[in-house]
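Structure below; questions to follow.
Bear in mind that the values here come from a model prediction, so they are computed numbers and not experimental data. Reminder, nothing fancy here: chain letters follow the sequence lines and each chain counts from 1.
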2 protein chains.
Amino acid sequence: MARAGLTAAKLTEAAAEMADEVGLDRVTVSALARHFGVKDASLYSHIKNLRELRVRIALLGGAEMTERIAAAVAGRAGKDALVAFADAYRQYALAHPGRYAATQLQFTPEEITDSAVVRRSAELTYGMLRAYGLAEPDLTDAARLLRAAFHGYIHLELGGGFGHPRTVQESWDRSLDALHVLLENWPARPDRSTR
Amino acid sequence: MARAGLTAAKLTEAAAEMADEVGLDRVTVSALARHFGVKDASLYSHIKNLRELRVRIALLGGAEMTERIAAAVAGRAGKDALVAFADAYRQYALAHPGRYAATQLQFTPEEITDSAVVRRSAELTYGMLRAYGLAEPDLTDAARLLRAAFHGYIHLELGGGFGHPRTVQESWDRSLDALHVLLENWPARPDRSTR
DNA sequence: CTTGAAACCTAGAGCTCCTAGGAAATGGTG
DNA sequence: CACCATTTCCTAGGAGCTCTAGGTTTCAAG
């Protein structure tokens, strides 16, 4: 009887594939075992539990995503970099919704500390923003707003949360125009008089 | 033997409570039945299945949320309205994370068409934006960007996706300042030369 | 060829959702 | 009050899921 020759990496890859096709929540240990023609208990030699499998999918997705973003942003600055970053982000999320969804799970520090993905991702964001000449704490604020806007957009788009009339692509492009303008005109210090 | 006197509404309320306390994914039919000291099969007289329970939680949360936002926005315009809207949105989401999470599930049209929540929510957003003098399709684009930014921010905050140094509150306030500026200076038509 | 590690198995506990069909409480009606 | 339909809740059970414990088979290196 030939063995499947499983490894944690193969399981993760197959699970990620499955997540993109049928949705992250349908990726179960049983389903994955079926996919390899193996009993579900066998998978526990390679992964600790379902949770770990999901974290692995997330780390895989995160790594792939930052890689693509890095390639897209390379050699660009200012609006070019912003648009390249944002488009690469969106493209990846739409092409790999399951992996992207895994990325959005809530992690404990231990689950991701030893991974370079988070740090690398932060570097990319700050690198892209540097061209706008922002200084801390504006840099942090702007980075947070951008991350929020990107993620929020994707989330709404994947969830079908947008009405039909105007295409998402057009809104997305215009929103990026707007965010670019925003970054160029980031408001001066706390304007407490109005709050 | 005294009966629990269950109704769909009571179940939904208890489930929402439970979702806020222990997380939406831990709200199970079994757990809910235990909470009422009843067998799980008994709940199926009141709700069709787990899916329906979740949709009900989402509709409840959505209704409560739009209500609070409407109250906060009433009588305000421009930046006042924007800040009131955003703060009410964030406040509700942080106070009721389980209900909010339910709100973000992916729904089929049938599950929400008969509900006024979606329409009401859209009205509030567009109403708030009207003071900025935007015309379609900018109105739609701006609304989408705002929704994305709000949701993205909350999602990252709830997921602990923000590093510690700078408080989220400060970043949030500054981001709102920035979004206000953005809405006042929404860039003119498609600037295709740069893309 | 032996041996130890890795891959895979069987067996089973415990939780989940959900269905089918029956019993008991409730509330309105004659 | 007695009856009856409706609603509420039950028992029983199937099927799927996660995960553990412990045993067997394959494989590669000595």
Side-chain angles (χ1 to χ4, degrees), chain A residues 1-60 98-99 101-102 105-108 110-111, chain B residues 1-60 98-99 101-102 105-108 110-111:
Chain A
M1 178 95 77
R3 296 196 166 188
L6 299 184
T7 64
K10 276 186 194 169
L11 287 180
T12 305
E13 181 59 40
E17 202 85 13
M18 197 180 288
D20 287 338
E21 282 165 14
V22 303
L24 182 63
D25 50 337
R26 281 177 139 133
V27 176
T28 67
V29 175
S30 318
L32 198 56
R34 272 195 298 275
H35 175 262
F36 282 106
V38 146
K39 297 297 168 184
D40 52 355
S42 303
L43 300 196
Y44 288 89
S45 305
H46 305 97
I47 53 165
K48 245 185 62 210
N49 50 33
L50 177 61
R51 173 73 188 171
E52 189 190 282
L53 181 65
R54 294 203 171 128
V55 172
R56 281 175 183 276
I57 298 175
L59 290 177
L60 172 65
R99 289 158 151 94
L105 296 176
Q106 309 200 5
F107 301 107
T108 67
E110 306 91 61
E111 287 170 334
Chain B
M1 178 97 74
R3 297 196 166 189
L6 299 184
T7 65
K10 276 186 193 170
L11 287 181
T12 304
E13 180 59 41
E17 202 83 14
M18 196 180 289
D20 288 337
E21 282 166 14
V22 303
L24 182 63
D25 51 338
R26 281 177 139 130
V27 175
T28 67
V29 176
S30 320
L32 198 57
R34 272 194 299 275
H35 176 262
F36 281 106
V38 147
K39 298 295 169 186
D40 52 354
S42 303
L43 300 195
Y44 290 88
S45 304
H46 308 282
I47 53 166
K48 244 184 63 211
N49 49 33
L50 176 61
R51 172 74 187 168
E52 190 191 281
L53 180 65
R54 294 205 171 127
V55 173
R56 282 176 184 273
I57 297 176
L59 290 178
L60 172 64
R99 289 158 151 96
L105 295 176
Q106 308 198 8
F107 301 107
T108 68
E110 307 89 61
E111 287 171 334

Measure OH/B/Tyr44 against P/C/dG21 and give the value in whole Å, please.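 After rounding, the reported distance stands at 18 Å.
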
Can you tell me how far P of D/dT25 sits from NZ of A/Lys39, to the nearest Å?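 Atom NZ in A/Lys39 sits about 16 Å away from atom P in D/dT25.
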
Between C1' of C/dA6 and NZ of A/Lys10, the distance in whole Å: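 Whole-Å distance recorded here is 13 Å.
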
Pairs of donor and acceptor atoms involving the side chains of residues 35-45 of chain A, under 3.5 Å and at least two apart or interchain, shall be tabulated with distances.
residue, atom, partner, partner atom, Å
A/Ser42, OG, A/Lys39, O, 3.2
A/Ser45, OG, A/Ser42, O, 3.4

Looking at CZ of A/Arg99 and CD of A/Glu13, how far apart are the two atoms once the value is rounded to the nearest 0.5 Å?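 Taking CZ in A/Arg99 and CD in A/Glu13, the distance rounds to 5.0 Å.
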
Rounded to whole Å, how long is the line connecting atom CG of A/Asn49 with atom C1' of D/dT18?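 Going from CG in A/Asn49 over to C1' in D/dT18 covers 9 Å.
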
Selected nucleotide, minimal atom distance to B/His46 side chain, candidates C/dA20, D/dT8, D/dA21: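 Nearest to the side-chain atoms of B/His46, counting from C-beta on, is D/dT8.
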
Set of salt bridge (charged side-chain N to carboxylate O under 4.0 Å, His left out) partners for B/Arg51, sequence neighbours left out: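 Testing B/Arg51 for salt bridge (charged side-chain N to carboxylate O under 4.0 Å, His left out), a comparison that skips the adjacent residues, returns B/Glu111.
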
Rounded distance in Å - CG (B/Leu53) to C1' (C/dT16):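 One finds 14 Å between C1' of C/dT16 and CG of B/Leu53, rounded.
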
Which one of B/Val27, B/Leu32, B/Val55, B/Val29 satisfies the side chain to side chain contact (heavy atoms under 4.5 Å, CB included) criterion with B/Leu50?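 That would be B/Val29.
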
B/Asp40, nearest nucleotide to its side chain (from C/dC17, D/dA21, D/dC9):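 Nearest nucleotide to the side chain: C/dC17.
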
Interface with DNA chain C, restricted to residues 19-38 of chain B and to heavy atoms under 4.0 Å: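 Heavy-atom contacts with DNA chain C come from B/Thr28, B/Val29, B/Ser30, B/Arg34.
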
Closest listed nucleotide, where the reference is the side chain of A/Leu50 and the choices are D/dT18, C/dC9, C/dC17: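 Comparing D/dT18, C/dC9, C/dC17 against the side chain of A/Leu50, the answer is D/dT18.
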
Taking only the side-chain heavy atoms of B/Ala41 (C-beta and beyond), determine which of D/dA12, C/dC8, D/dC9 contains the nearest atom.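 So the side chain of B/Ala41 is nearest to D/dA12.
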
Suppose we screen for salt bridge (charged side-chain N to carboxylate O under 4.0 Å, His left out). Which residues come up paired with B/Glu21, at least two apart in sequence or across chains?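 If we apply the salt bridge (charged side-chain N to carboxylate O under 4.0 Å, His left out) test to B/Glu21, skipping adjacent residues, there are no hits.
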
Which residues satisfy the salt bridge (charged side-chain N to carboxylate O under 4.0 Å, His left out) test with A/Arg54, sequence neighbours excluded?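 Expected list: none.
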
NZ of B/Lys48 versus P of C/dC18: gap in Å, rounded?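 Between P of C/dC18 and NZ of B/Lys48: 10 Å.
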
Whole-Å gap separating P (C/dT16) and CG (B/Leu43):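 About 12 Å, once rounded to whole Å.
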
Who pairs with A/Glu17 by salt bridge (charged side-chain N to carboxylate O under 4.0 Å, His left out), at least two apart in sequence or on another chain?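 Expected list: none.
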
Taking only side-chain N and O atoms of A/Ser42, does any of them lie within less than 4.0 angstrom of OP1 or OP2 on C/dC9?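 Yes, within the criterion.
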
Just how far, in rounded Å, is P of D/dC9 from CG of B/Leu11?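 That distance rounds to 9 Å.
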
